[in-house]
Structures are given as C-alpha cells and as structure tokens.
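For reference, the structure discussed in these notes is given below.
Chain A is the first sequence line, chain B the second, and so forth, proteins listed ahead of strands; every chain is numbered from 1.
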Amino acid sequence: MSSSRPSAFDALMSKARAAAKKKPQSEASPAKKRKTQELVSVKEVENASLDDAHQVFDKKSKQENVVKCGDNVGTEVLANGCKEGKVNLSLDEKLAVKKAEAVSLDESIAQLKNKPANFDPKKAAFWGEGKKVPFSFVTRVFDAVDKESGRIVITEIVCNMLRTVIQTSPDDLLPVVYLLANRIAPAHEGLELGIGDASIIKALAEACGCNEAQIRKQYKDLGDLGLVAKASRSSQSLMRKPEALTVTKVFNTFQLIAKESGKDSQEKKKNHIKALLVAATDFEPLYMIRLLQTKLRIGLAEQTLLAALGHAAYYSEKRFKPPANIDSPSEEAAKIVKQVYSVLPVYDKIIPAILTGGVWDLPKACCFTPGIPIGPMLAKPTKGVSEILDKFQDMEFTCEYKYDGERAQIHYLENGSVEIYSRNAERNTGKFPDVVSALSRLKKSSVSSFVLDCELVAYDREKKKILPFQVLSTRARKNVMISDIKVEVCIFAFDILYLNGQTLLQEQLNVRKEHLYKSFEEEPCYFQFATAMTSTDLEEIQKFLEDSVDASCEGLIIKTLSRDATYEPSKRSNNWLKLKKDYMESIGDSLDLVPIAAFHGRGKRTGVYGAFLLACYDSSSEAYQTICKIGTGFTEQVLEERSTSLRSKVIPKAKSYYRYADKISPDVWFETTEVWEVKAADLTISPVYCAAIGIVDSEKGISLRFPRLVRVREDKAPEQASSSEQVAEMYKAQKHTQKHYEDDDKDE
DNA sequence: TCTGACTGCCC
DNA sequence: ATTCTGC
DNA sequence: GCAGAATGGGCAGTCAGA
C-alpha cells in the first residue's frame, strides 16, 4: 500500500485495526456496526436460552414438519391451548407443539419477505382465520425488520404483514397497527404508560429473580433493556408457560398499565409487566420491553408504518379500483394514508375506514375535524440569510419573529367549545384557561369557528415584556383555575387553518394571513399577530433577525407566501425555514469545556459513551464546575475516538476539585485532559449544574440550552477552558437576562 | 406531611 | 430541541 | 432530503416511603 492512498482509506484501516485490537478485550464493537453487533448478541442470547430438547430437531426435520403439518394443525393446537386455560400435555408434547409453532412462524416470516406483488397473505398466516393474531407474529416481524436497513424492504415486510392480518383477522388490525406505531392511544387523549427505565428494571429484576444492580449492569453491557429481558428470561425457560400471548392481550394490558393510578399503582403496573414477561417467549420479551420504553429502534416508525398501511390497503383491495392515470397505485395509496393521518391522527377512525371503504375514498371518510388536532407544520433549520435567499430565489416570502414559547393549536368550535393542543398533539386546554376565556373577546363577531396556529409566550403585562421560556414552563399544567395563574401569557398568532366551517389548509399563506388579520382584534399583552416583514434584501433581513433577538425572540421563521405556500401538516417542509443566530457559524454562544465524566451509550451507541459531563474552569478556586451534559454533534468517528481516548483516562472517583451535584451520577469519571468547543442557544440558571455558582446566583449554577459539540480543541489545555467569569458574563449578556438585571437595579 | 425518584412533555 | 446517517 | 435514532435542560405531576 502506497502512502498516496486517500486519507479516507487510512482512516478506515486504522479503524479496522482498532476494532481488531479491541475484540479480545471484549470491548464492544464500533457503533457503526450496530445492526450486525445486535444480531450477534441476540443470537448469543438465543443460544444461551435454548434448552437441550429444543436442539434435538435439526433444520431438516423442521422443514418436514411444516410440509406435513401445514398451518392448520399448528393453529388448531394453538387455538386449543388458548381455549383451555390448562394444557394437559406432557413435556414432550408441549415441546412438539412449540416446535410446530416456531417452524410455521419461521415460514410465515419468510413469506413476508416476498415482493408484495408475489405475496399471498393466506400463506403467511400460521394462525386460524378469524383467530386472534399471536403477539409472536408481530415480534418476529420486528425482528425481520430489525435485520433490514433499507426503508423499501422494511415497508414491504410490514405491508405484507398487515395484509396477512387484514386477510385473516381484520378485527385485530387496529391493535396490530397500534403496536407497530408503538402507541396506546391517540396523542390528544393523554393516556400515558407511566413506565420508565426504572420501573422496567424493577419488574425485570423481580421477574427473573435477581437484583436491580445485576439488571443495570446488563443494561450497560447490552445497551438495551429489551436484550436484558431476552437474556434474563432464559433463567425461567423451563417453567411451564401460560397460553401464548396475543396482540390484543398485550395491547389491552398496555392500556391497563396506563390506566392504573393512585396508591399502589406502581406495584400494579409492575405486576402487569411481570405477568406479560412470564408468558413471553422467543422475541416477545425483547420487543415487549422496547414497546414499554417507547423505543422500538428497529428502523420502523410512523412514516414507514403509514406507507406500509397504504400499500397494504391497496393490495388488499379487490372491491375498489384505483383512480385512472396513476403511475404507482401503491405509492399513491401511501401518500393518501400519510396525508389523512396528518389531518386526522386517529387510527381508531382510519383503520375501520380502510377496512370498510378502502383507501381511495379514505380522504372522504377521514378528513380534518375541528376539535381534533392536526400535525403542526414545521420549519427546517438554515444557516444564514444567504441560504434562505438561495432556497427561495424567485419566490415571494415573508419573515416572522420566532417566539420562544409553546406552540399551540387552538380549536374554537361553532358551539363555543375550545381545545388547545401542543406541538405534539397533547391536549393542553386545561393548562390555559386564561387563553380559553379570552378567545371570544379576541375574535371578531363575524367569526363562528376557527383553528389558530400560534405561540403562547410568557408575558409580563406590567412591564410589557416577553419573559423567557423557563418562566413559561413553571406554569401549572393540570386543571388550572384562572385565579391561580401566576405566569400570564400573550398569544402570538401566525396562521389560521380553519375559519367559519371552512378548511384553509389548501390556501396559500398570503390568503390565510388575510383571513387571520381580518378575523381577530389585536390586544396588546393578550393577543398579537407575529411581527412580520416582507423583503428580499439580505441586509434588511439580517437587520430583522437582530431586531427579533432584541425583542426576546429566538430568530426568524421564513415562509413562502403565494406559491408552494399551502399548510403542510406534520411536514418539516421546505416552505418554512427557521433561522436562529446560533445556527450561524462563528455566531452564537460558543464555549470551551472539559469532559470530566461520561455515561454509557445505548442502542446504536452501545460500547461507546453516549453522553459526557462537561465542566468549565474556575481559576480562583482551581475547580472544575459542571455545566451540562452533551450527547449530540458527534460523528460516529469522533464519538469513537473520544470514547477510546477518554477510556484510558478513567479514574475511580471524582477529583476533589470537581464541583457537581450528587443527583448526577455518571458511569465513569475522567482526568481532565481535553477541551471541546460547544455551541448552545442560551444559558440558563440550573437546579443541578454548578458553573459560575455564587456569581449570578448564590446557590445555583448555570447550564446550557441545546448544547452540541462543535469540535475538539486540540490546541487547548483544560485550565484554558472557559472560565466561570466568562460563563457568568455570557449569561448576563443575554437580552432577556440583561433586562431582568436592569429592572432589578431599578427596584433596589 | 414532606421529600426524592421517576415520568412525560415542553423546548 | 440538535445532529448525524443510510438509503 | 426523508426518516429514524442517538442525545440535551428543565419544569410540574405522581407516587412511594421516610
């Protein structure tokens, strides 16, 4: 190999050498090889849990089994098992049942990998027609999806799976879709599992008869609680299993878990999980746990599911014909389902509509409904005004202030009822009774119904000043009474999606804005239209950006006005761009900080550190003060390099001159060796970090909002990191903070 | 009755 | 929220 | 460029246990 090879090649080689070196030390492999690595670990787990009898069957006899028994036998046995709570089979017989089942399941999953055009949903069902869909079917599909990396193939597998359900057990389609979507109810219904890692670890520990420390250790090693569940289960693998889990059983149990509340509710939730775990086999524990964590991480999420649902609906349709002059009916169907979901994100309505009326009429059956939230339109980040002019060349566009508050979609119905939804479609009506009561006063009398898109911003009405987001977030959230409200808000309206019974979604923004302006009365401190300006002049826009920051805003949102300017629900489309100062290179708050500790990575970061604890340096006390954690901005290569480098700097416990709160307990502590440049949007007073403690606040330190890595400062030593004084100055220099201080001075 | 751990949801 | 990555 | 999956600070609400 000559030295004239491209440097990328050298990088690859050194990476390969590093990986090869690590293996014997049983270090985890690079994050990049996640899929492969996971396969290995799953396989190992599986092998470990195989009982001897299981292995008696070789592959050949498995296949014979399929051919001889066919689906019917397997299903009948399974069905019997379901009906009779007690199964009076000998151990051998039970193993045989298990075998037949597994074999047909394997065959079923193999069928799903056919191209949709060559797929026969009847051949893939290994359970009886009209019977409950086994949970194992779903988890095996998850496994099949996990092994694929291409979205197209994943969509095909899920599509075929859904067709199988539609063909065989259409009543189960809804719960199947809910599991695939990893949801338990529409977002606006506010149903929560109330289960996190801690509860799951407890349940796992009890279910496998070990202590929580052991589970936590495995979690660190495997990087996934689901894999821990899969591994742990083996300790009970010889115990008699209750009847096989079904999709509805699992889904209903999830809902039960969500509905438990009050005294001993944690205990009850835990028991539900344990009961499911005891009945789980094969891939079921793995994915059951991941579902409970709401982290499927198999490369399948909402958008892919919706596409697959569209495809499946198209292929399952014998009764209805697609519209003429359509290139690809399946892609068209996917588009329809996505569009419909963005406007009515309620599977409980969409699934029955697909089953009864097919996809082509779906937009008629499921359209925007006042009172039900639609996906808010999102904006894409841009790095500067020139990028905006570039993207919007020859387009009419307008610039608006980006307010630092809470996105709100306000529905006002004909009957006067009001609902307020968050950016994520959560119902927030009970949090903003003040907003609700103000609406009828703010709308003009000609207005009988509307859906308003706006930002609710904390507001000091005495001083007529916008307050920071951190103040807004202290508002009470549930069943708030107007008389108890301590933080007032001002509504900054910027769009209207529905007015007097008419949808405005398909109108261009300039039309919608006209409707907005003529439908509401501005009332300072209560309801204002977002400050806007239309210009194509770079310097004018730059100035407007400065103005927005001076006005305590985050920056600008730039929107097309008259062309490509319809409201695109849920889309981070190119029609809306956001421009924040900290996006721009060499602008915005940037600090040089020292990694002093780290946390083990999870998922695709298994084997490297997932996040680091950063500190600034206080020279007067010669102490390193924690300021934030950081976990984004790393390329895989940089994360690998930093992890390797810092792994050799691990110390048994924190240095005496590290200042940190006990609440933070990293997995490892480091010597101070490196300096990293970190960018942030804001500096905030923190309840847990210690930076500049005693300067701005006597007890609290300072932290960073939206921290991310910019680069490693090879040229700096830890003592040259940003100082506490610098941090404090940066905090004080912030617009809203500054004003706060001026006001304080006046008061005193 | 208070507190701390945990969770979900804002950004 | 921000950022990175495979397709 | 999409879609997905890593990860951030910090708040209120809930519940278990002191």
Side-chain angles (χ1 to χ4, degrees), chain A residues 31-32 34-35 148-155 187 190-202 223 260-267 269 294-307 378 380-381 404-408 422-426 428 431 455-456 468-480 487 554 571-574 578 580 582-583 599 601-606 608-614 627-639 662-663 678-689 702-710:
Chain A
K32 196 175 177 183
R34 190 206 110 212
K35 289 243 169 182
E148 301 292 339
S149 58
R151 225 184 307 154
I152 294 172
V153 177
I154 290 175
T155 309
L191 205 58
E192 304 158 15
L193 280 171
I195 288 294
D197 282 1
S199 316
I200 293 175
I201 288 168
K202 256 189 194 169
E260 298 287 3
S261 74
K263 190 172 176 327
D264 296 331
S265 59
Q266 289 304 305
E267 182 77 13
K269 284 173 194 248
T294 342
K295 275 176 190 274
L296 223 34
R297 29 171 299 260
I298 56 176
L300 169 77
E302 201 109 71
Q303 292 310 304
T304 306
L305 169 62
L306 292 169
L378 304 170
K380 282 201 174 154
D404 191 7
E406 209 174 306
R407 186 87 175 259
S422 75
R423 180 201 140 113
N424 296 315
E426 301 284 334
N428 264 345
K431 179 176 174 183
E455 191 83 4
L456 302 179
F469 175 79
Q470 223 177 343
V471 173
L472 178 68
S473 69
T474 65
R475 270 185 70 121
R477 296 174 192 181
K478 288 191 163 173
N479 306 315
V480 177
V487 176
E554 293 184 287
K571 277 198 185 145
R572 208 175 278 280
S573 79
N574 264 322
K578 61 176 159 180
K580 292 166 64 164
D582 60 283
Y583 293 165
F599 303 80
R602 293 163 184 173
K604 65 183 177 187
R605 296 222 176 140
T606 303
V608 291
Y609 296 120
F612 301 84
L613 182 61
L614 297 178
I627 184 166
C628 68
K629 293 198 285 174
I630 191 165
T632 192
F634 304 86
T635 62
E636 286 183 353
Q637 188 191 341
V638 165
L639 186 61
D662 291 332
K663 306 176 202 177
V678 169
K679 184 109 95 167
D682 271 313
L683 290 87
T684 59
I685 295 289
S686 168
V688 288
Y689 293 103
I702 286 170
S703 187
L704 306 182
R705 189 183 188 195
F706 310 147
R708 63 266 197 191
L709 181 76
V710 177

Length of the CD1-P vector between A/I195 and B/dG8, whole Å: 8 Å
Touch class at under 4.0 angstrom, heavy-atom based, for A/L472 against every strand present: nothing
Euclidean distance, A/T474 OG1 relative to A/F469 CZ, rounded to 0.5 Å: 10.5 Å
B/dC9 phosphate, OP1 or OP2, under 4.0 Å from A/N428 side-chain N/O: no
A/I298 to A/I154 - nearest heavy-atom pair and separation: O-CD1, 4.3 Å
Atom-to-atom span, NZ of A/K263 to C1' of D/dC15 - whole angstrom: 10 Å
Distance below 4.0 Å between A/K663 side-chain N/O and D/dG10 OP1 or OP2: no
Shortest side-chain distance from A/A198, nucleotide among C/dT2, B/dC6, B/dC10: B/dC6
Rounded distance (Å) that lies between atom C1' of C/dT3 and atom NZ of A/K580: 13 Å
A/S422 side-chain proximity, nearest of B/dC10, B/dC11, D/dA5: B/dC10
Residue among A/R705, A/Q470, A/E455 satisfying side-chain contact (heavy atoms from CB on, under 4.5 Å) with A/D404: A/R705
Side-chain N or O of A/K629 closer than 4.0 Å to phosphate OP1/OP2 of D/dG8: yes
Between P of D/dG13 and CZ of A/R475, the distance in whole Å: 11 Å
Shortest side-chain distance from A/Y689, nucleotide among D/dG10, D/dT7, D/dA5: D/dG10
A/N574 side chain, from C-beta outward: closest of D/dG1, D/dC11, D/dT7: D/dG1
Nearest-nucleotide pick for A/E406, side chain only, options being C/dA1, D/dT7, B/dC11: B/dC11
A/S703 side-chain N/O to D/dG8 phosphate OP1/OP2 under 4.0 Å: no
Short side-chain N/O contact to C/dC7 OP1/OP2 from A/S149, under 4.0 Å: yes
A/K629 to A/F612, cation-pi by 6.0 Å centre distance and 45° axis angle: no
Rounded interatomic separation in angstrom, taking CG from A/L614 and P from D/dT7: 15 Å
Separation of atom NZ in A/K431 from atom P in D/dA12, rounded to whole Å: 10 Å
Residue closer to the 5' end of DNA chain C, A/F634 versus A/L378 (nearest nucleotide): A/L378
A/T635 side-chain N/O to C/dT3 phosphate OP1/OP2 under 4.0 Å: no
Touch class at under 4.0 angstrom, heavy-atom based, for A/I201 against every strand present: nothing
A/Q470 side chain near D/dC11 phosphate (N/O to OP1/OP2, under 4.0 Å): yes
Side-chain heavy-atom pair A/S199, A/Q266 within 4.5 angstrom cut-off: yes
Atom-to-atom span, CZ of A/R477 to C1' of B/dG8 - whole angstrom: 9 Å
Below 4.0 Å: OP1/OP2 of D/dC2 and any side-chain N or O of A/K380: yes
Touch class at under 4.0 angstrom, heavy-atom based, for A/L704 against every strand present: sugar-phosphate
Nearest non-hydrogen partners of A/D582 and A/K679, listed with the distance: O-CE, 3.1 Å
Phosphate OP1/OP2 of D/dC2 contacted by A/K571 side-chain N/O (<4.0 Å): no
Side chain of A/E636 (C-beta onward), nearest among D/dC15, C/dG6, D/dC11: C/dG6
Shortest side-chain distance from A/P687, nucleotide among B/dC9, D/dT7, D/dC11: D/dC11
Contact under 4.0 Å: A/S199 side-chain N or O vs B/dT7 OP1/OP2: yes
Out of D/dC11, D/dG10, C/dT2, whichever nucleotide has its closest atom nearest the side chain of A/F706: C/dT2
Value in whole Å for how far the C1' atom of D/dT14 lies from NZ of A/K478: 8 Å
A/F634/A/Y609 aromatic ring centres below 6.0 Å: no
Presence of A/S265 side-chain N/O under 4.0 Å of D/dC15 phosphate oxygens OP1/OP2: yes
Any donor-acceptor N/O pair under 3.5 Å between D/dC2 base and A/R151 side chain: yes
OP1 or OP2 of C/dT3 under 4.0 Å from side-chain N/O of A/R708: yes
Short side-chain N/O contact from A/T632 to OP1 or OP2 of C/dA1, under 4.0 Å: no
From OG1 (A/T155) to CG (A/L305), nearest 0.5 Å: 9.5 Å
